[in-house]
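See below for the structure under consideration.
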Amino acid sequence: MKKANTLISLELSQFEEHFKQAVKSKVPLLDRIMQYIVKRKGKQLRPMFVLLCAKLGGDINDKTYRAASLVELLHTATLVHDDVVDESFERRGFFSVNAVWKNKIAVLVGDYLLSKGLLLSIDNGDFRVLQILSTAVKQMSEGELLQIEKSRNLNLNEEIYYDIIKGKTASLLSSACAAGASSTFNDEEDIKRLELFGEKVGMAFQIKDDLFDYGSAKIGKPTGNDIKEKKLTLPLIYTLNNCDASLRKKIIYIIKNQNRQKDKIKFVLDAVDSVGGIEYAEQKMNTFRDEALALLLLYPVSEVRDALEELVRYTTDRKY
């Protein structure tokens, strides 16, 4: 991400200041938690997409920074809530909010972040950005609930899988690109195009995440965490739909009843590899990546376009 970081390094610093201001509270406990969250920020991919998509259409402005802050507020809120739902006590190598302050406070912190994001847009009249991001929050909730519903019977087809990841992951990245674009582009067609661009990137990003669970020379050490959690991801869906009946029956039995046994998890990981699930998922990931790049190439050659292309390729080439 060297090009992107170099090109918008000043803007990223400005965004961080905007974000710190956006999460300030008069409640000392909330301020301590916000400082804890801000210090443990991730790769900031979504704010980078907001800033670069805006820069593709013109100069970054206050509306752009508010859009980036709203995206990050909503993303952080969903992560805090996800950790409560998943009973996860670690986030980005540190204790999660619920691990330090317990579930009740974590849920309220997530609600606080959501409300701060909404107020940031309403108070400044950024209604188009608010519409874009509110739609994303709805889609994220729908995606998560659809996954819970469908994973119970372990009977998931590929199209439903795409519906799930379009909602739970791609919608936020899609809205980040659209929100950024709406701050500088006047043409609604550009906003819609970059929204679709972000969706394609988000789909590739999630499939890459799913591949980390299976591992390979390219991807790294397999974990089997998705199998332990009975999550049906693309490599496994392909395998279940393309293996013989006896192997399918055995895999489903392991996922339902033996998903904590290391040797059984390894059996499933090896089966997915041998049937071609990993290779198939990589092909689909690269297809989404290439579709995103094709949309990006409709814009004139520039440093901004090059930086966005680098970010897109990072989502599928990253090692973690």
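We number each residue from 1, following the sequence as shown.
For the pair His18/Glu72, no side-chain contact is recorded, criterion being any heavy-atom separation below 4.5 Å from C-beta on. Val109 has its side chain within reach of Leu30: a pair of non-hydrogen atoms, C-beta onward, lies under 4.5 Å apart. Gln147 is not listed as a side-chain neighbour of Ile165, based on a closest heavy-atom distance of 4.5 Å or more. For the pair Val50 and Phe15, the minimum side-chain heavy-atom distance is 4.5 Å or more. You'll find the side chain of Asp209 reaches within 4.5 Å of the side chain of Gln206, heavy atoms only. Taking the side chain as every heavy atom from C-beta outward, Thr184 and Lys55 never approach each other to under 4.5 Å. Looking only at side-chain heavy atoms (C-beta outward), Val100 and Ile105 stay at 4.5 Å or farther from each other. Arg318 has its side chain within reach of Phe212: a pair of non-hydrogen atoms, C-beta onward, lies under 4.5 Å apart.
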Practice item. Kindly indicate, with the supporting measurements, whether the criterion side-chain hydrogen bond (donor to acceptor under 3.5 Å, both in side chains) is fulfilled by Glu158 and Tyr280. Key: CA-CA 12 Å; Glu158 200 170 316; Tyr280 180 79; 2.7 Å; yes
Practice item. Give the intermediate values and the outcome of side chain to side chain contact (heavy atoms under 4.5 Å, CB included) for residues Phe288 and Glu199. Key: CA-CA 9 Å; Phe288 281 117; Glu199 181 185 295; over 6 Å; no
Review point. Does the pair Gln131 and Arg128 meet the rule for a side-chain hydrogen bond (donor to acceptor under 3.5 Å, both in side chains), with working shown?
Key: CA-CA 5 Å; Gln131 180 189 39; Arg128 182 71 179 98; 2.9 Å; yes
Exercise for review: For Lys150 and Tyr161, run side chain to side chain contact (heavy atoms under 4.5 Å, CB included): C-alpha distance rounded to whole Å, both residues' side-chain angles, the deciding distance at 0.1 Å, then the answer.
Suggested key: CA-CA 9 Å; Lys150 295 297 181 181; Tyr161 166 79; over 6 Å; no
Practice item. Please test Val107 against His81 for side chain to side chain contact (heavy atoms under 4.5 Å, CB included), starting from the C-alpha separation and ending with a verdict. Key: CA-CA 6 Å; Val107 170; His81 281 164; 4.2 Å; yes
Practice item. I would like to know whether Asp82 and Glu144 meet side chain to side chain contact (heavy atoms under 4.5 Å, CB included); could you show each step before the answer? Key: CA-CA 10 Å; Asp82 282 351; Glu144 290 286 359; 4.3 Å; yes
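Using a 4.0 Å cut-off between a side-chain N of Lys or Arg and a carboxylate O of Asp or Glu, Glu310 and Lys3 do not qualify as a salt bridge. Under a 4.0 Å N-O distance rule, the pair Glu189/Lys192 does not qualify as a salt bridge. The pair Asp62-Arg66 fails the salt-bridge criterion, with no side-chain N (NZ, NE, NH1 or NH2) lying under 4.0 Å from an Asp/Glu carboxylate O. Glu309 has a carboxylate O that lies under 4.0 Å from a charged side-chain N of Arg313, or vice versa, which qualifies the two as a salt bridge. In summary, Lys266 and Asp263 do not engage in a salt bridge, as defined by a charged side-chain N under 4.0 Å from a carboxylate O.
No more than 12 heavy atoms of other residues, nucleotides or ligands lie within 6.0 Å of CD in Glu279, so this atom counts as exposed by the packing criterion. For Asn186, the CG atom counts as loosely surrounded, since its 6.0 Å shell holds 12 or fewer non-hydrogen atoms of other residues, nucleotides or ligands. Shown here is Asp244, whose CG atom has more than 12 heavy atoms of other residues, nucleotides or ligands within 6.0 Å.
Counting only distance, with no hydrogens or angles, the side chain of Thr64 and the backbone of Asn61 share a donor-acceptor pair below 3.5 Å. Judged purely by atom type and a 3.5 angstrom limit, Asn103 has no side-chain atom pairing as donor or acceptor with the backbone of Asn98. Looking only at distances, no side-chain donor or acceptor of Lys166 sits under 3.5 Å from a matching main-chain atom of Gly143. When atom types are taken as modelled, the side chain of Asp213 and the backbone of Asp226 share a donor-acceptor pair closer than 3.5 angstrom. Side-chain atoms of Ser121 never come within 3.5 Å of backbone atoms of Leu118 as a donor-acceptor pair (strictly under, hydrogens ignored). Of the possible polar contacts, none joining the Arg46 side chain to the Leu173 backbone as a donor-acceptor pair under 3.5 Å is found.
Leu311 and Leu10 are assigned to two separate hydrophobic clusters, defined by single-linkage of ILVMFWY side chains at heavy-atom distances under 4.5 Å. Placement of Leu113 and Leu108 in two distinct hydrophobic clusters is found when ILVMFWY residues are connected by side-chain heavy-atom separations under 4.5 Å, directly or transitively. Using a 4.5 Å cut-off between side-chain heavy atoms of Ile, Leu, Val, Met, Phe, Trp and Tyr, with links allowed through other members, Leu114 and Val84 fall into different hydrophobic clusters. The cluster map of Ile, Leu, Val, Met, Phe, Trp and Tyr, joined by side-chain heavy atoms under 4.5 Å apart, puts Ile37 and Leu119 in different clusters. Both Leu308 and Leu298 are assigned to one and the same hydrophobic cluster, defined by single-linkage of ILVMFWY side chains at heavy-atom distances under 4.5 Å.
The side-chain contact (heavy atoms from CB on, under 4.5 Å) with Glu282 is formed by just one residue from the set Thr287, Leu234, Thr316, Leu211; it is Leu211. Checked against Ser171 for a side-chain contact (heavy atoms from CB on, under 4.5 Å), the options Lys138, Gln139, Glu142 give a single hit: Gln139. Partner Leu56 forms a side-chain contact (heavy atoms from CB on, under 4.5 Å) with one of Asp190, Leu51, Val304 and no other, that one being Val304.
Minimum heavy-atom separation, Pro28 to Lys26: CD-O, 3.5 Å. Annotation for Ala77 and Gly110: closest pair CB-O, 3.4 Å, computed over non-hydrogen atoms.
To the nearest 0.5 Å, atom NZ of residue Lys168 and atom CD1 of residue Ile148 are 9.0 Å apart.
Aromatic ring pairs are classed by plane angle as parallel below 30°, tilted from 30° to 60° and perpendicular above 60°; the pair Tyr36 and Trp101 is perpendicular.
Taking the ring centroids of Phe197 and Tyr299, they lie at or beyond the 6.0 Å cut-off.
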